[in-house]
Structure formats: structure tokens, C-alpha cells
Amino acid sequence: MSATADAPAHFRRGATRPGPLGLIREALVEVTQRRRLIRYLVQADIRKKGADTLLGNLWWVLDPLLQMAVYVVLVSVVFQRGGDGYPLFIFCAILPWKWFQSTVYDAITSVTGADRLIRQIQFPKLVLPVAAASAGVVNFVFGLIPLFALMLLLYRERISTTLVLIPVIAVVQFSFNLALAVGLAALNVFYRDVGNLTRHLMRLWFYLSPGLYAIEKLREQAGDIPVVSQLLLANPFAILFTAYRDVIFDSRLPDWGSLAALLGASILMLACTTYLFKRVEPSFAKVL
């Protein structure tokens, strides 16, 4: 009889790694039970970012406005494009993109940046990228302040009841942000080039998304090649940018079918990245 068979039942259970569904279930339990820890990490992150600059958290309001001004000058003044309402049009893309960008960058270093803590204390490491993604929500909420100010000052005619749908679209984006955050946090532990590569890919991703231009331009450019057109339109931010513009800029309902498809794909991707994270988590302390 083997030594494993002779061992007590609880030791035999501890020696066996659960399967994919077991690891995902374990991750859900860990995140649920560590809600207070996640809340503390989010608050600490907000305080740290606010203390690192002279203007503190005010930058979360000023930064998207300054970025909007840069793109308005580039597109409207230099290239003589854009059209009526372009500042609001571009702001509808800048706001969700900055949320996504800050979430990804913070999540990539969420585990490697806590290397000393991981080596000293036993706790579920999944709370680190989850906290980074949750802190990004605060960034997005602060960004709504200049959005509503811009609409009140310059675009009152575009204020409508469809604005209440912004949180619905934000839930879809949060699911996508979280899925990518968990996966990149795990990969960066073993491949430290992930951060540098991601920064370059993010720039390309934004320009391939209909951020500076309408999605109709994307359809026109790729119309002759149906496969390319479908791939470009399947870009998550082609769906998200269009949805935000529908409810903010055009005062109409978004494409619920596209949003539902993106939400389903994001949940599936989150399950996959959570499994990956939990699968390699036991090696973190050794690698770090």
C-alpha cells in the first residue's frame, strides 16, 4: 500500500490539485472571503496615487480633459477633420480607454510589485489583480465629472435619459478589464517583458479602434475585405466605444446584442485567466 493511501483523508485531499472548475470555484470563494482586504488595497492604492503628485486625485479629472485637448488640436486644427461636437465625441473614447489602460498597467505589476509581501505572508494572490481592476473603477467614476461638466457647459442639447445606461456598459467593460488583468498579472511573474510589450500593443490597439474616428470609417476602410472588416469590428473597443457614444453623443440605445456577446466572451475569458492564475499561483513565491 502506498504512503499516500496510508495518509489521513485531509492530507490526501491537500496533496491533490483540483481541476479547472475546482480552481475557478476556489478563486471565487477566495475573492468573496477577502472582500475587506480588496477594499483596503483599493483604498491604499487611491491614497498612494493621490499623494504622489502635487494636485493629487485632481489629475483623474484633469488628465482626460488634457488628452481630449491634444486630440482636438491634432484632428480638428491640424488635419481639419472631426466635425461638430468632436470634443465630446473623442471624450467618449478617452474616458473608457484611460480606465482600461490604467487597469492593465496596474494589474501587470500587481503581483510582482508585492513580492516581499508574497514571500512573507500566505494569502490568495488573486486579490492583487482584482484590487487593481477595482481601483480602476474609481478612476472611471472621477472621469465622469469632466464628462458631465463638458455636457452641461457645451452640449446641453445632448443630455438625455440614455446617460443612465453608462453603468450598464461599464459593467461589460469591467468584466473585460478584469479578465485581461488577471491573465497579464500571472504572465508578468514569469515573463517580465510583458509590461514593455503591452505598452506598445496598447498604443496600436487604440489606433486600430474607432477612438479618433467613427466606426463607419472603419467599415469603409475594411469594406473590400470582409474577413478584415469582421475582425476589426469584433475588437472589444469597437463595441465599447460605439456603445458609449450611442448613449452619450447620439442619445440612443446601444447595440445590446454586441454588448451581450462581449460580456459572454469576457466571462469565458475571465474563467480561463482565473484558471491560469490559480494553476501557476503556487510557483509565485519561488519565482519572485
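Positions are given from 1, in the same order as the sequence printed here.
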Could you walk me through whether L154 and L88 pass side-chain contact (heavy atoms from CB on, under 4.5 Å), step by step? CA-CA 9 Å; L154 301 176; L88 181 61; over 6 Å; no
Distance-minimising heavy-atom pair for L212 and Y86: O-OH, 2.9 Å
Show your working on side-chain contact (heavy atoms from CB on, under 4.5 Å) between N177 and V104 and close with a plain yes or no. CA-CA 7 Å; N177 290 0; V104 168; over 6 Å; no
Ring centroid separation F176 to F100 under 6.0 Å: yes
Charged tip of K125 within 45° of F123 ring normal and under 6.0 Å: yes
Between atom CZ of R39 and atom OG of S134, what is the distance when rounded to the nearest 0.5 Å? 11.0 Å
Side chain proximity check, F91 to L95, heavy atoms < 4.5 angstrom: yes
Please report the closest heavy-atom contact between A271 and I24, naming both atoms and the distance. O-CD1, 3.5 Å
Enter the distance from I94:CD1 to F241:CZ here, rounded to the nearest 0.5 Å. 9.0 Å
Is the closest side-chain heavy-atom distance between V127 and E30 below 4.5 Å? no
Distance-minimising heavy-atom pair for A107 and A181: CB-CB, 3.4 Å
Where C92 and I248 come nearest, the two heavy atoms and their spacing: SG-CG2, 3.6 Å
Would you say CZ of R192 has more than 12 non-hydrogen atoms from neighbouring residues, nucleotides or ligands within 6.0 angstrom? yes
Between V130 and L126, is the side-chain contact (heavy atoms from CB on, under 4.5 Å) condition met? List the steps. CA-CA 6 Å; V130 170; L126 185 61; 4.2 Å; yes
For residues P87 and Y71, determine if any side-chain heavy atom of one lies less than 4.5 Å from a side-chain heavy atom of the other. no
Same cluster or not: are Y191 and L201 linked, directly or through other Ile, Leu, Val, Met, Phe, Trp or Tyr residues, by side-chain heavy atoms under 4.5 angstrom apart? no
Do the non-hydrogen side-chain atoms of R279 and L23 ever get within less than 4.5 Å of each other? yes
Does atom CD (Q122) have a neighbourhood of more than 12 heavy atoms from anything else shown, all under 6.0 Å? no
Looking at A179, is its backbone amide N or carbonyl O close enough to the side chain of T273 to form a donor-acceptor pair, meaning the two atoms are under 3.5 Å apart? yes
Atom pair OG1 (T274) and CD1 (I267), whose distance is rounded to the nearest 0.5 Å: 11.5 Å
Residues D250, R245: salt bridge by 4.0 Å N-O rule: no
Given side-chain contact (heavy atoms from CB on, under 4.5 Å), test I90 with Q67 step by step and report yes or no. CA-CA 10 Å; I90 188 64; Q67 190 170 347; over 6 Å; no
Tell me whether the rings of F237 and W97 are parallel (<30°), tilted (30 to 60°) or perpendicular (>60°). perpendicular
Determine whether L65 and F148 fall in the same hydrophobic cluster, where Ile, Leu, Val, Met, Phe, Trp and Tyr are linked whenever their side-chain heavy atoms lie under 4.5 Å apart. yes
Rounded to the nearest 0.5 Å, what separation is found between the OG atom of S209 and the CD1 atom of I239? 10.5 Å
So, the side chain of S251 versus the backbone of V247: is there a donor-acceptor pair under 3.5 Å, distance only? no
How far apart are the closest heavy atoms of A243 and I169, and which atoms are they? O-CD1, 3.4 Å
Do L165 and D246 come within less than 4.5 Å of each other through their side chains, counting heavy atoms only? no
Side-chain heavy atoms under 4.5 angstrom apart, residues restricted to Ile, Leu, Val, Met, Phe, Trp, Tyr: same cluster for I121 and V287? yes
CG (L150) and CZ (R158) are apart, to the nearest 0.5 Å, by 11.0 Å
The ring pair (Phe, Tyr, Trp, His ring centres under 6.0 Å) partners of F174 (sequence neighbours excluded) come to none
Are any non-hydrogen side-chain atoms of V42 and V137 less than 4.5 angstrom apart? no
On a heavy-atom basis, which atom in Y244 and which in P96 lie closest, and how many Å separate them? CE1-CB, 3.4 Å
Honestly curious: do V70 and F206 fall in one hydrophobic cluster under the side-chain, below-4.5 Å linking rule? no
Without swapping roles, check the side chain of W99 against the backbone of G136 for a donor-acceptor pair under 3.5 Å. yes
Treating Ile, Leu, Val, Met, Phe, Trp and Tyr as nodes and any side-chain heavy-atom pair under 4.5 angstrom as an edge, say whether M202 and M269 lie in one connected cluster. yes
Does the separation of the ring centres of F284 and F277 fall below 6.0 angstrom? yes
Heavy-atom distance under 4.5 Å between the side chains of N188 and V111, does that happen here? no
Would you find more than 12 non-hydrogen atoms of other residues, nucleotides or ligands less than 6.0 Å from F190 atom CZ? yes
Straight-line distance of I108 CD1 to L197 CG, nearest 0.5 Å: 9.0 Å
State, yes or no, whether a side-chain contact exists between T198 and V194 at a heavy-atom distance under 4.5 Å. yes
Look at atom CZ of R25 and say whether more than 12 heavy atoms of other residues, nucleotides or ligands are closer to it than 6.0 Å. no
